[in-house]
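Below is one structure, written out as structure tokens; comments come after it.
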Amino acid sequence: MNRPHYILLPVSPLFIGFSLLCAFLLNLLPWGHFVGVPDFVALVLVFWGIHQPRKVGIGVAFFMGLMMDVHDSTLLGENALAYTLLSYFAIMMHRRVLWFPVMTQALHVLPLLLLTQALQLLTRLIVSGRFPGWLNFIESFVAVALWPMVTWILLAPQRRAVDRDHNRPI
């Protein structure tokens, strides 16, 4: 049951940019405001913040937050603040999270996503005075349920073949 850990290949910055673009495009779809649809940008940001903290940091999170603010027509900086704090906490705990299996990693990611949503909700509540309801927090639980699939997809280009060639040392 104890599977060996293989050394991953270095991640391409183009693949990181492509994954962030795909997450942004998924958030642009019209079903993004339904209850239970996760924030894909936040999910991908926390993934790269945990797996590649030197390549995707707080600056990228701030930029993606500004992009989401423009898309959502919200207060400029609402998503940027939430994503920046999400990225900071993901980077802060990345060494600890990587020791756990994927399902336990998902449990560590849940408070980060809930905090992000709570910050967004608090900002909206202060600015507009509207409370969207407690069902809004179900997005974090759906995102955590997607964490194993997101991990498998985003780590796929970095995996080496298990027995690629016996004549090569690497």
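Because only heavy atoms are used, hydrogens play no part in the values below, and waters and symmetry mates are left out as well, while side chains stay in. Every value quoted in this text rests on a predicted model; they were computed, and no experiment measured them.
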Heavy-atom distance under 4.5 Å between the side chains of [X] and [Y], does that happen here?
{"X": "F47", "Y": "Q52", "result": "no"}
{"X": "L85", "Y": "T116", "result": "no"}
{"X": "H51", "Y": "L155", "result": "yes"}
{"X": "F40", "Y": "P38", "result": "yes"}
{"X": "L110", "Y": "L114", "result": "yes"}
{"X": "L20", "Y": "L45", "result": "yes"}
{"X": "L75", "Y": "T123", "result": "yes"}
{"X": "V102", "Y": "P148", "result": "yes"}

Rounded distance [0.5 Å steps], [atom1] in [X] versus [atom2] in [Y]:
{"X": "F89", "Y": "I58", "atom1": "CZ", "atom2": "CD1", "answer": "10.0 Å"}
{"X": "E78", "Y": "L121", "atom1": "CD", "atom2": "CG", "answer": "9.0 Å"}
{"X": "L28", "Y": "H71", "atom1": "CG", "atom2": "NE2", "answer": "4.5 Å"}
{"X": "M103", "Y": "T151", "atom1": "CE", "atom2": "OG1", "answer": "10.0 Å"}
{"X": "L81", "Y": "L86", "atom1": "CG", "atom2": "CG", "answer": "11.0 Å"}

Common cluster, [X]/[Y], ILVMFWY with side-chain heavy-atom separation under 4.5 Å:
{"X": "V60", "Y": "F63", "result": "yes"}
{"X": "V41", "Y": "F34", "result": "yes"}
{"X": "F62", "Y": "V44", "result": "no"}
{"X": "L98", "Y": "W152", "result": "yes"}
{"X": "W31", "Y": "F141", "result": "yes"}

What's the shortest heavy-atom distance between [X] and [Y], and which atoms?
{"X": "G49", "Y": "H94", "value": "O-CB, 3.8 Å"}
{"X": "A90", "Y": "V46", "value": "CB-CG2, 3.7 Å"}
{"X": "R159", "Y": "L9", "value": "O-CD1, 4.3 Å"}
{"X": "L107", "Y": "P111", "value": "O-CD, 3.2 Å"}

Heavy-atom neighbours of F24 CZ exceed 12 at 6.0 Å: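 Above 12, so yes.
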
Can you confirm whether L115 is buried at CG, in the sense that more than 12 heavy atoms of other residues, nucleotides or ligands lie under 6.0 Å from that atom?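 Enclosed: over 12 neighbouring heavy atoms sit under 6.0 Å from CG of L115.
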
Give me each pair satisfying salt bridge (Lys or Arg N to Asp or Glu O under 4.0 Å) with a member in residues 54-69, each pair once, sequence neighbours excluded.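 Non-adjacent pairs meeting salt bridge (Lys or Arg N to Asp or Glu O under 4.0 Å): zero.
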
Check which hydrophobic residues are tied to L14 through side-chain heavy-atom contacts below 4.5 Å, counting indirect links as well, and list them.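 None; L14 is a cluster of one.
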
Aromatic rings F15 and W48: how do their planes relate, parallel, tilted or perpendicular, breaks at 30° and 60°?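 Because their plane-to-plane angle is over 60°, the rings of F15 and W48 count as perpendicular.
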
Angle between ring planes, F131 versus W134, binned at 30° and 60°: parallel, tilted or perpendicular?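 Perpendicular, since the angle between the ring planes exceeds 60°.
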
Derivation of the side-chain contact (heavy atoms from CB on, under 4.5 Å) call for H108 and I50: CA-CA 11 Å; H108 281 82; I50 288 173; over 6 Å; no

Test side-chain contact (heavy atoms from CB on, under 4.5 Å) applied to L125 and R130, step by step: CA-CA 5 Å; L125 196 60; R130 291 183 300 134; 6.0 Å; no

Looking at [Y], is its backbone amide N or carbonyl O close enough to the side chain of [X] to form a donor-acceptor pair, meaning the two atoms are under 3.5 Å apart?
{"X": "T104", "Y": "F100", "result": "no"}
{"X": "S19", "Y": "I16", "result": "yes"}
{"X": "Q117", "Y": "N136", "result": "yes"}
{"X": "S87", "Y": "Y83", "result": "no"}

Under the criterion side chain to side chain contact (heavy atoms under 4.5 Å, CB included), which of L26, L113, N27, V142 is the partner of D39?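 Filter result, single survivor: N27.
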
